[in-house]
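The figures that follow rest on heavy atoms only: side chains count, while hydrogens, waters and symmetry mates do not. Each ligand, and each atom within it, is numbered from 1 in the order the structure gives.
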Amino acid sequence: MENKTDFQYPHTFVLLGASGDLAKKKIYPTLWTKQTVDEVKAKTMKYMKVRPGEEETLKAFWDANDYVPGSYDKRIDYELLNQEISKHEKGPLANRIFYLAVPPTVFEDVTINIRNACIALKGYSRVIIEKPFGRDDESSEKLSDHLARLFKEEQIYRIDHYLGKEMVQNLMTIRFANQIFSPSWNRENIASVLISFKEPFGTEGRGGYFDSFGILRDVMQNHLLQILSLVAMEKPVTLNPNDIRDEKVKVLRHIKPIELKDILVGQYVGNPNGKGEETQGYLDDPTVPKDSVTPTYALAAIYINNSRWEGVPFILRCGKALNERKAEVRVQYKDVPGDIFEGETKRNELVIRVQPGEALYLKLMCKSPGMKFNLMETELDLTYSMRYKETDVPDAYERLILDVFTGTQMHFVRNDELKEAWRIFTPVLKQLEEERFKPVPYVYGSRGPPEADERLAQYDFKYSGSYKWQKPTLG
Ligand SMILES: NC(=O)C1=CN([C@@H]2O[C@H](COP(=O)(O)OP(=O)(O)OC[C@H]3O[C@@H](n4cnc5c(N)ncnc54)[C@H](OP(=O)(O)O)[C@@H]3O)[C@@H](O)[C@H]2O)C=CC1
Ligand SMILES: O=C1O[C@H](COP(=O)(O)O)[C@@H](O)[C@H](O)[C@H]1O
């Protein structure tokens with residue numbers, strides 16, 4: 001039987017929303033890393049990572065692009081698109097991938113028109129979709145039902161680009177290919193798990209979109225919850241994508257909907273001593289309503305009601321306009337019982353740094369080197385830039401788009417996962433919005449609202465303040 005993903009056959013990649021922000025910043029640069037239209041090209045060029053010597057390949061890449069203008073809701077335009085694609089489909093097999101980088105308002109029209117006018121006749125048709133997958137359980141289900149009427153689940157690739165990040169993909173390996181972690185990965189040994197996302201910039205004039213979603217929908221309900229499920233799930237039966245996603249769904253089903261008492265929401269205010277953008281608070285963004293209560297920061301404690309995790313807080317924390325860019329997982333072990341070191345021991349912590357600079361480090365206690373018998377905090381450290389100097393870590397979208405070509409759904413969100421995620425978040429989102437719950441302020445460029453550190457302590461995450469890291473020097 002012929003291999004339908006064989007790259008000798010034409011694969012048409014249709015980017016709906018080619019002139020938009022997502023296309024410009026993520027999709028074209030990804031496709032290139034390996035488009036026509038001078039307009040698209042001009043907008044995109046500054047985001048393309050072009051290495052010396054790749055100029056010819058870049059030219060060939062742009063030459064292979066066509067731009068078909070049209071309306072999202074007019075079938076005739078899709079028929080023209082279909083004709084355009086067909087021109088390139090010589091030979092017996094040809095596949096089509098449709099990337100929907102379009103606003104949610106046109107989503108239904110676009111998918112119906114693709115289904116009615118653009119389905120491949122000589123190969124597979126796959127659709128890649130990006131969040132928002134709805135804004136609550138009801139709207140998400142409506143969208144899922146709509147898609148299910150048009151496409152089979154195996155044709156739908158729901159992107160959560162965090163699932164394409166090196167260290168997120170590494171979570172399963174760290175957990176299930178190392179006997180050292182498996183026996184301690186439970187409530188007996190682990191005090192808390194902290195999963196953080198921090199960005200050092202605010203909405204910068206793009207608050208219009210953000211304001212109707214907020215950080216909980218933008219980051220927590222998807223990226224952070226996906227990471228949580230990989231950290232907490234049971235070992236899958238095999239590496240088959242459905243076996244893995246079965247386990248992710250199972251662990252999510254053990255989580256009750258988040259309650260208001262377990263959530264802290266914040267909104268950034270300008271820093272009067274800052275420079276440029278830093279002086280601007282969220283409400284100063286002209287595209288944001290002046291009385292907006294949309295959170296730009298959130299911390300939530302999630303409990304997994306199963307025998308492995310009962311009582312262990314999984315703290316999800318995310319925010320914009322903070323002091324740094326960072327995404328990481330901190331698995332904090334419990335205090336050593338029966339301490340013989342007069343309270344000097346500090347908790348072990350396994351840190352999985354997703355970005356920037358992939359790293360895995362385990363904080364542990366050692367005797368300080370030398371004659372004394374003092375304890376000191378130190379680490380076992382795997383820093384990717386040091387250990388894997390020659391390896392180019394691909395961008396999340398590069399991996400994920402390649403997965404679509406090859407039909408690998410392991411790193412994509414299945415319909416039932418999405419349903420569970422909305423079940424967990426919808427009640428609290430509704431409550432926050434219906435009560436117009438006021439977020440606590442935090443200063444642009446800070447670590448977030450001071451109240452967040454109090455919450456961390458409340459949820460059994462201990463910060464010692466004494467750990468000092470010495471960056472290894474070469475030689
Ligand atoms: N391989 C590598 O590249 C390694 C790098 N390092 C670096 O060393 C430095 C220190 O390591 P780190 O693991 O952060 O250890 P720390 O113990 O210094 O800090 C742990 C985390 O606690 C949070 N924190 C800071 N202040 C408080 C507070 N008052 N209350 C509660 N939480 C607080 C910070 O995160 P937040 O601000 O997000 O709350 C911080 O990341 C970091 O810059 C780290 O990147 C360390 C080891 C290996
Ligand atoms: O999905 C989103 O992610 C980006 C952050 O992605 P990263 O890969 O740069 O960490 C965030 O800026 C955006 O608000 C959100 O929608």
*Asks:* Tell me the contacting part of K471 for ligand 1: side chain, backbone, both, or neither, using a 4.0 Å heavy-atom threshold, strictly below.
*Replies:* neither

*Asks:* Run the side-chain contact (heavy atoms from CB on, under 4.5 Å) check on R414 and D246 step by step: do they pass?
*Replies:* CA-CA 9 Å; R414 210 170 56 184; D246 284 348; 2.8 Å; yes

*Asks:* Testing K334, K462, K363 for salt bridge (charged side-chain N to carboxylate O under 4.0 Å, His left out) with E349, which one passes?
*Replies:*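 The residue from K334, K462, K363 that satisfies salt bridge (charged side-chain N to carboxylate O under 4.0 Å, His left out) with E349 turns out to be K363.
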
*Asks:* Where the closest heavy atom to atom 36 (P) of ligand 1 is concerned, which of K346, E358, K198 has it?
*Replies:*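 When every heavy atom of K346, E358, K198 is considered, K198 comes closest to atom 36 (P) of ligand 1.
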
*Asks:* Can you tell which part of E379 has a heavy atom less than 4.0 Å from ligand 1: side chain, backbone, both or neither?
*Replies:* neither

*Asks:* Under the 3.5 angstrom rule, does the side chain of R245 hit a backbone N or O of F412 as a donor-acceptor pair?
*Replies:*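 It does hold such a pair.
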
*Asks:* For ligand 1, which atoms sit closer than 4.0 Å to a heavy atom of Y361?
*Replies:*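 The list of qualifying atoms is 4 (C), 11 (O), 12 (P), 13 (O), 44 (C), 46 (C), 47 (C), 48 (C).
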
*Asks:* Given side-chain contact (heavy atoms from CB on, under 4.5 Å), test I97 with V127 step by step and report yes or no.
*Replies:* CA-CA 6 Å; I97 295 172; V127 288; over 6 Å; no

*Asks:* Just to be sure I'm reading this right: ignoring hydrogens, which of Y384, F461, Y463, W469 gets closest to atom 26 (N) of ligand 1? Compare them by their nearest heavy atoms.
*Replies:*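 Answer by nearest heavy atom: Y463.
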
*Asks:* Assess R447 for proximity to ligand 1: is some non-hydrogen atom of it under 4.0 Å away?
*Replies:* yes

*Asks:* Do K419 and E138 pass the salt bridge (charged side-chain N to carboxylate O under 4.0 Å, His left out) test, and can you show the C-alpha distance, the side-chain angles, and the key distance before you say yes or no?
*Replies:* CA-CA 9 Å; K419 194 171 170 173; E138 235 173 77; over 6 Å; no

*Asks:* Can you check whether E349 has an N/O within less than 3.5 Å of an N/O in ligand 1?
*Replies:*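 No, there is no polar N/O contact under 3.5 Å.
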
*Asks:* Under 4.0 Å from a heavy atom of A359: give me the atoms of ligand 1 that qualify, with their elements.
*Replies:*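 Those qualifying, in numeric order: 1 (N).
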
*Asks:* May I ask you to check if ligand 1 and E328 share an N or O to N or O distance below 3.5 Å?
*Replies:*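 By distance alone, the answer is no.
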
*Asks:* To the nearest 0.1 Å, how far is atom 11 (O) of ligand 1 from its closest protein heavy atom, and which atom is that?
*Replies:* Y467 CE2, 3.3 Å

*Asks:* Is the count of non-hydrogen atoms from other residues, nucleotides or ligands lying under 6.0 Å from K326 atom NZ greater than 12?
*Replies:* yes

*Asks:* Using ring pair (Phe, Tyr, Trp, His ring centres under 6.0 Å) as the criterion, list what pairs up with F425, not counting sequence neighbours.
*Replies:* none

*Asks:* Report the nearest protein non-hydrogen atom to atom 45 (O) of ligand 1: residue, atom name, distance rounded to 0.1 Å.
*Replies:*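 That would be R353 NH1, 3.0 Å.
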
*Asks:* Any donor and acceptor pair, going by atom type alone, linking the side chain of K367 with main-chain N or O of N374 inside 3.5 Å?
*Replies:* no

*Asks:* With a 4.0 Å cut-off on heavy atoms, is R330 in contact with ligand 1?
*Replies:*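 Contact check R330 vs ligand 1: positive.
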
*Asks:* Under 4.0 Å, counting heavy atoms only: does R317 come that close to any atom of ligand 1?
*Replies:*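 The answer is yes: ligand 1 sits under 4.0 Å from a heavy atom of R317.
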
*Asks:* Less than 4.0 Å from atom 20 (C) of ligand 1, is there any heavy atom belonging to the protein?
*Replies:*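 Yes; the ligand atom in question has protein heavy-atom contact below 4.0 Å.
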
*Asks:* Using heavy atoms and a 4.0 Å limit, tell me yes or no: is K326 in contact with ligand 1?
*Replies:* yes

*Asks:* Which residue supplies the protein heavy atom nearest to atom 17 (O) of ligand 1, what is that atom called, and how far is it?
*Replies:* K363 NZ, 3.0 Å

*Asks:* Show the short N or O contacts, below 3.5 Å, that ligand 2 makes with protein N or O atoms; if there are none, say 'none'.
*Replies:*
| residue | atom | partner | partner atom | Å |
| --- | --- | --- | --- | --- |
| ligand 2 | 1 (O) | K131 | NZ | 2.5 |
| ligand 2 | 1 (O) | H223 | NE2 | 2.7 |
| ligand 2 | 6 (O) | H161 | NE2 | 3.1 |
| ligand 2 | 8 (O) | H161 | NE2 | 2.7 |
| ligand 2 | 8 (O) | K165 | NZ | 2.6 |
| ligand 2 | 10 (O) | Y162 | OH | 2.4 |
| ligand 2 | 10 (O) | Q355 | NE2 | 2.7 |
| ligand 2 | 12 (O) | E199 | OE1 | 3.3 |
| ligand 2 | 12 (O) | E199 | OE2 | 2.4 |
| ligand 2 | 12 (O) | K320 | NZ | 3.4 |
| ligand 2 | 14 (O) | D218 | OD2 | 2.6 |
| ligand 2 | 14 (O) | K320 | NZ | 2.8 |
| ligand 2 | 16 (O) | K131 | NZ | 2.9 |
| ligand 2 | 16 (O) | D218 | OD1 | 2.6 |
| ligand 2 | 16 (O) | D218 | OD2 | 3.4 |

*Asks:* Taking the side chain from R175 and the backbone from V231, do they hold a donor-acceptor pair closer than 3.5 Å?
*Replies:* yes

*Asks:* Is E342 atom CD crowded by more than 12 heavy atoms from other residues, nucleotides or ligands, each under 6.0 Å away?
*Replies:* no

*Asks:* Check the side chains of N222 and Y162 for a donor-acceptor pair under 3.5 angstrom, ignoring hydrogens and angles.
*Replies:* no

*Asks:* Does the pair D392/R51 count as a salt bridge with the N-to-O cut at 4.0 Å?
*Replies:*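 Looking at R51 together with D392, the answer is yes, because their closest N to O distance falls below 4.0 Å.
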
*Asks:* Using a distance threshold of 4.0 Å (strictly less than), state whether atom 43 (O) of ligand 1 has a protein heavy-atom neighbour.
*Replies:*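 Not a single protein heavy atom is under 4.0 Å away.
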
*Asks:* Give a yes or no answer on whether the side chain of Q409 reaches the backbone of Y157 with a donor-acceptor pair at less than 3.5 Å.
*Replies:* no

*Asks:* For S229 and E417, which I'm curious about, is there any donor-acceptor pair between the side chains at under 3.5 Å?
*Replies:* no

